[in-house]
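The chains referred to below are lettered A, B, ... by the order of the sequence lines, with proteins before strands, and numbering in each begins at 1. What you see below is based on every heavy atom in this structure, not just the backbone, and it leaves out hydrogens, waters and symmetry mates.
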Amino acid sequence: MDSSSIESNSIEWNTEDELDVDNISSSSSHQDQIADFAPSSSSCNCRGSNTIHQFLQMGFSKEMVIKAVKENGQNEGAVLDALLAYKTFEESPEDEHVLDDPCHAELASNVLDVYPDKEICENEEFKNLSTEKDRTVSLLVEMGYQAEEALAAIDRCSLDTPIAELVEFISAAQFAYHTDAQLGELSYDNKIHQHQKLNGPVYMSKKKRKFYDNEMRKLQKQRKYLEKQPMDHDNEIVHLPNPMVGFGVPNQPSPVLFQRRIPDEAEGRPYFYFENVALAPKGVWHTMSRFLYYIDPEFVDSKFFCAAARKRGYIHNLPIENRSQLLPTPPSTIHEALPHTKQYWPSWDKRMQLNCILTCIGSAKLTDRIKKAVEKSGDEPLPGVKKYVIQQCKKWNLIWVGKNKVAPLEPHEMEMLMGFPPNHTRGGGISRTEQYTVLGNAFQVDTVAYHLSVLKRMFPDGISVLSLFSGIGGAEVALHRLGIPLRNVVSVEISETCRKILQSWWDETNQQGKLIHFHDIRMVTAHELEKCMSTFGGFDLIIGGSPCNNLAGGNRSTRNGLEGSKSCLFFEYYRIIELVRSMMRHR
DNA sequence: TGTACGATGAATGTGCCA
DNA sequence: TGGCACATTCATCGTACA
């Protein structure tokens with residue numbers, strides 16, 4: 001298999017742990033840190049006067065050992081912690097570079113490869129260490145970590161945790177809060193508050209720390225500014241074009257275009273492409289546009305590309321000249337797309353196209369009610385019956401599959417309408433309900449491909465993609481069908497079902513590039529992104545549509561805009577896009 | 001426990017007409 | 001231009017059942 005799957009986010013951050021990890025960095029001094037992370041008395045192993053002798057044998061100076069014992073008594077663990085901390089204090093700044101590198105996790109794993117535990121364990125000094133905890137700390141210190149980092153990791157993960165996992169824990173702790181990802185569900189204001197409280201990272205090189213701090217400050221400042229912008233209720237409403245043809249669609253008259261304005265800071269690589277429902281609550285698109293460099297959204301109805309409507313807004317910095325359609329072009333009417341239904345279609349149902357494909361379907365009871373109503377009316381139903389039937393058919397996207405018989409679309413019909421290959425979502429342990437859910441949330445491939453087609457001449461040798469909220473891989477399928485080689489795809493998708501579908505498609509289509517999975521966008525850190533970028537040489541395209549659950553008209557209970565628990569992830573999209581772009585500017 | 005089913009409106013935009 | 005009727009909408013939640 002050509003793909004590699006990095007199971008990221010393997011560290012579970014519960015709230016208390018987050019705060020504790022934060023404390024590593026937020027303590028005002030090394031002494032504070034030592035105090036915070038000193039082992040508990042229950043874990044100590046006091047051994048009387050042998051303690052001093054043993055620490056002297058370990059190579060600590062007499063003065064340091066005496067000082068440590070004075071301060072910590074015969075508590076062996078605490079004495080060792082203090083000694084290690086003193087030693088760290090004494091190290092010159094130049095020595096910090098080993099653990100300061102933001103790519104330290106990678107370095108550490110390399111160290112594990114070339115400097116196996118066995119080799120370290122045979123070291124004479126190592127053998128003299130009395131407890132397992134000491135040995136583990138020593139190993140980690142040998143690898144370049146600070147003692148208090150090692151102790152904190154052991155305390156959090158337990159002593160039985162393999163070295164590699166401890167390394168991962170420390171790396172995550174170092175970098176997670178840097179991008180505020182570890183603050184999880186906290187509100188933005190709380191995140192800011194936490195960041196201000198934290199005082200920035202401790203374990204990074206000054207240069208990198210300064211860079212990330214500056215970027216984070218800029219991001220926070222910009223966001224605060226954007227959030228505090230006075231609400232101009234006349235200007236905040238983004239008007240939807242009618243017809244909804246965006247900057248132009250095939251076989252339709254070109255719209256009268258205003259001057260498309262892309263600010264300098266948003267121009268060029270990495271290109272980005274953001275998608276969401278067009279009919280969001282008032283003000284939402286204005287807000288999203290403000291965050292995404294004030295670029296005007298392009299609203300397009302997919303009914304100009306296939307036989308089903310799908311009104312979506314797209315904010316992107318792609319060129320809009322010389323776009324091309326995917327070939328063969330998909331059927332544009334119901335009868336062309338679903339020819340087997342034509343014989344049953346009553347003349348009084350004038351629908352030529354379907355409505356938006358949603359995540360749920362009409363019930364069997366409803367189709368039964370419709371059948372009975374039509375049968376009762378004879379060949380020519382009464383106007384009232386016709387009206388009721390048409391209304392329900394439009395509402396639930398029902399099609400005629402027999403005499404007087406309507407039914408919801410089958411998953412494979414939805415796949416076809418959405419531009420996915422047959423059986424894309426079928427099998428592999430995925431239920432029908434799940435198929436409907438993931439297809440209802442997907443891109444319409446032909447529409448997206450039309451916009452992305454300009455990338456083909458820009459990246460003829462292939463493209464590196466950061467795919468956020470990947471879903472079932474609409475973007476990947478679109479790029480593949482455009483003939484743009486997928487060199488590297490970093491996919492961020494929280495649904496295991498969707499990840500399985502994308503992986504399965506990737507394998508079946510014999511992709512030559514690498515596919516890397518991340519789960520939760522909130523847990524994607526600057527460090528992880530930098531690791532990917534250093535491997536891939538940056539990203540060419542950042543693409544994705546953030547969750548619309550709290551924006552969509554179908555949501556009757558929690559349609560609360562960008563404040564909603566799901567749709568607020570738009571701000572994570574913004575965070576990632578801003579982070580990647582600023583990192584790439586400084587490469 | 002997982003899956004399928006069915007009941008649950010409101011927000012927003014559009015078109016027509018006075 | 002305002003008012004009205006009408007059309008559309010990447011959904012959520014509780015319940016039944018295997």
Side-chain angles (χ1 to χ4, degrees), chain A residues 233 236-244 274-286 288 299-303 306 308-314 350-351 353-370 387-388 390-398 407-411 414-415 417-420 425 429-445 447-448 468-475 493-498 544-567 569-570 573:
Chain A
H233 291 283
E236 75 170 7
I237 297 166
V238 176
H239 293 284
L240 302 175
N242 186 17
M244 201 178 276
F274 170 79
E275 180 259 16
N276 215 311
V277 290
L279 299 166
K282 281 179 183 173
V284 165
W285 273 105
H286 189 256
M288 295 193 292
F299 293 102
V300 182
D301 190 337
S302 292
K303 73 178 184 181
C306 67
R310 200 167 190 81
K311 298 179 181 68
R312 295 291 178 269
Y314 306 88
K350 308 286 185 193
R351 286 178 298 158
Q353 292 190 301
L354 294 161
N355 276 337
C356 184
I357 288 171
L358 303 175
T359 56
C360 48
I361 58 170
S363 67
K365 278 191 178 179
L366 174 63
T367 58
D368 189 46
R369 279 199 295 270
I370 289 173
K387 187 181 173 184
Y388 166 75
I390 296 293
Q391 212 173 31
Q392 295 302 312
C393 285
K394 285 182 177 177
K395 184 176 180 180
W396 294 104
N397 250 348
L398 303 173
L409 290 165
E410 288 292 313
M414 288 188 179
E415 286 173 343
L417 289 163
M418 298 287 282
F420 288 93
T425 61
I430 295 156
S431 69
R432 271 172 68 90
T433 308
E434 281 179 313
Q435 282 186 280
Y436 284 123
T437 303
V438 298
L439 282 163
N441 284 317
F443 280 171
Q444 204 290 320
V445 171
T447 312
V448 172
L468 305 174
F469 311 105
S470 305
I472 56 174
E493 172 55 53
I494 202 158
S495 156
E496 191 189 352
T497 300
C498 290
S546 61
C548 65
N549 309 43
N550 308 113
L551 311 179
N555 187 341
R556 304 178 185 197
S557 52
T558 54
R559 196 185 185 193
N560 45 0
L562 292 174
E563 299 297 315
S565 61
K566 303 279 177 56
S567 295
L569 291 176
F570 163 77
Y573 185 98

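A/A278 is linked by a side-chain contact (heavy atoms from CB on, under 4.5 Å) to A/L240, A/M244, A/F299, A/K311, counting only residues two or more places apart in sequence or in another chain. In terms of the side-chain hydrogen bond (donor to acceptor under 3.5 Å, both in side chains) criterion, A/E496 has no residue partners (sequence neighbours excluded). In terms of the ring pair (Phe, Tyr, Trp, His ring centres under 6.0 Å) criterion, residue partners of A/F274 (sequence neighbours excluded) are, by chain and number, A/F570, A/Y573. Annotation: ring pair (Phe, Tyr, Trp, His ring centres under 6.0 Å) contacts of A/Y436 (sequence neighbours excluded): none. A/P281 is linked by a side-chain contact (heavy atoms from CB on, under 4.5 Å) to A/V284, A/L551, A/R559, counting only residues two or more places apart in sequence or in another chain. Partners of A/R351 under the side-chain contact (heavy atoms from CB on, under 4.5 Å) rule, at least two apart in sequence or in another chain, are A/I334, A/W345, A/D349, A/L354, A/C393, A/K394, A/W400. Partners of A/S557 according to the side-chain contact (heavy atoms from CB on, under 4.5 Å) rule, which considers only residues two or more places apart in sequence or in another chain, are A/N555.
Between the P atoms of C/dC10 and B/dA7, the separation comes to 22 Å (whole Å). Taking atom P on both nucleotides, C/dT9 is separated from B/dG6 by 22 Å, rounded to a whole Å.
Of all heavy-atom pairs spanning A/W285 and A/V277, the tightest one is NE1-O, 2.7 Å. A pairwise comparison of heavy atoms in A/V300 and A/Y314 identifies CB-CE1, 4.0 Å as the closest pair. Here the shortest heavy-atom pairing between A/F469 and A/L569 reads CZ-O, 3.6 Å. Taking all atoms of both residues into account, the shortest heavy-atom contact from A/P547 to A/N276 is O-ND2, 3.8 Å. The shortest heavy-atom contact between A/E493 and A/G471 is OE1-N, 2.6 Å. Listed here is the closest heavy atom pair of A/R310 and A/D301: N-OD1, 2.9 Å.
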Please list each protein N or O that sits under 3.5 Å from an N or O in nucleotides 10-13 of chain B, with the distance.
residue, atom, partner, partner atom, Å
B/dA11, O4', A/R559, NH1, 3.2
B/dT12, OP1, A/K282, N, 2.9

Between N or O atoms, less than 3.5 Å apart, protein on one side and nucleotides 3-5 of chain C on the other: list the pairs.
none

Protein-nucleic acid N or O pairs under 3.5 Å, nucleotides 15-18 of chain C:
none

Are any protein N/O atoms closer than 3.5 Å to N/O atoms in nucleotides 3-6 of chain B? If there are, list each pair with its distance.
residue, atom, partner, partner atom, Å
B/dA4, OP2, A/S431, OG, 3.3
B/dA4, OP2, A/T433, N, 2.9
B/dA4, OP2, A/T433, OG1, 2.1
B/dA4, O5', A/T433, OG1, 3.3
B/dG6, OP2, A/A364, N, 2.8

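Within 4.0 Å (heavy atoms only), A/N550 reaches no atom of the nucleic acid at all. A/C356 comes within 4.0 angstrom of sugar-phosphate atoms only, judged by non-hydrogen atoms across all strands, and of no base. Residue contacts shown for A/S567 are absent, as no nucleic acid heavy atom lies under 4.0 Å away.
Here the straight-line distance linking atom CG of A/L358 with atom CG of A/N441 works out to 10.0 Å at 0.5 Å rounding. With rounding to the nearest 0.5 angstrom, the CE atom of A/M288 is 8.5 Å from the OG atom of A/S567. Between the CZ atom of A/F420 and the CD1 atom of A/I472 there is a distance of 3.5 Å, given to the nearest 0.5 Å.
For the pair A/Q391 CD and C/dT9 P, the interatomic distance rounds to 14 Å; values are reported in whole Å. For the pair A/I357 CD1 and C/dC10 P, the interatomic distance rounds to 12 Å; values are reported in whole Å. For the pair A/L417 CG and C/dC10 P, the computed distance is 16 Å after rounding to whole Å. The separation between A/Y388 atom OH and C/dA7 atom P is 15 Å, rounded to whole Å. With rounding to whole Å, A/E275 atom CD is found 10 Å from C/dC10 atom P. One interatomic measurement links the two molecules: CH2 of A/W396 to P of C/dA7, which rounds to 17 Å at whole-angstrom precision. B/dG9 atom C1' lies 13 Å from atom CD of A/Q392, rounded to whole Å. If you measure from atom CZ of A/R310 to atom P of C/dT8, you get 16 Å, rounded to the nearest angstrom.
Side-chain atoms of A/K395 lie closest to C/dT9 of the nucleotides C/dT9, C/dT8, C/dC10. Comparing atom distances between the A/A309 side chain and each of C/dT9, B/dT8, C/dC10 picks out C/dT9 as nearest.
OP1 or OP2 of C/dT9 lies within a sub-4.0 Å distance of a side-chain N or O belonging to A/N355. An OP1 or OP2 oxygen of C/dT9 is reached within less than 4.0 angstrom by a side-chain nitrogen or oxygen of A/K311.
Scanning DNA chain B for stems, defined as runs of 3 or more consecutive Watson-Crick or G-U wobble pairs whose donor-acceptor distances all fall under 3.5 Å, gives the following ranges: B:1-8 with C:11-18, B:10-18 with C:1-9.
In terms of modelled atom types and a separation under 3.5 Å, the side chain of A/Q444 and the main chain of A/C306 share no donor-acceptor contact.
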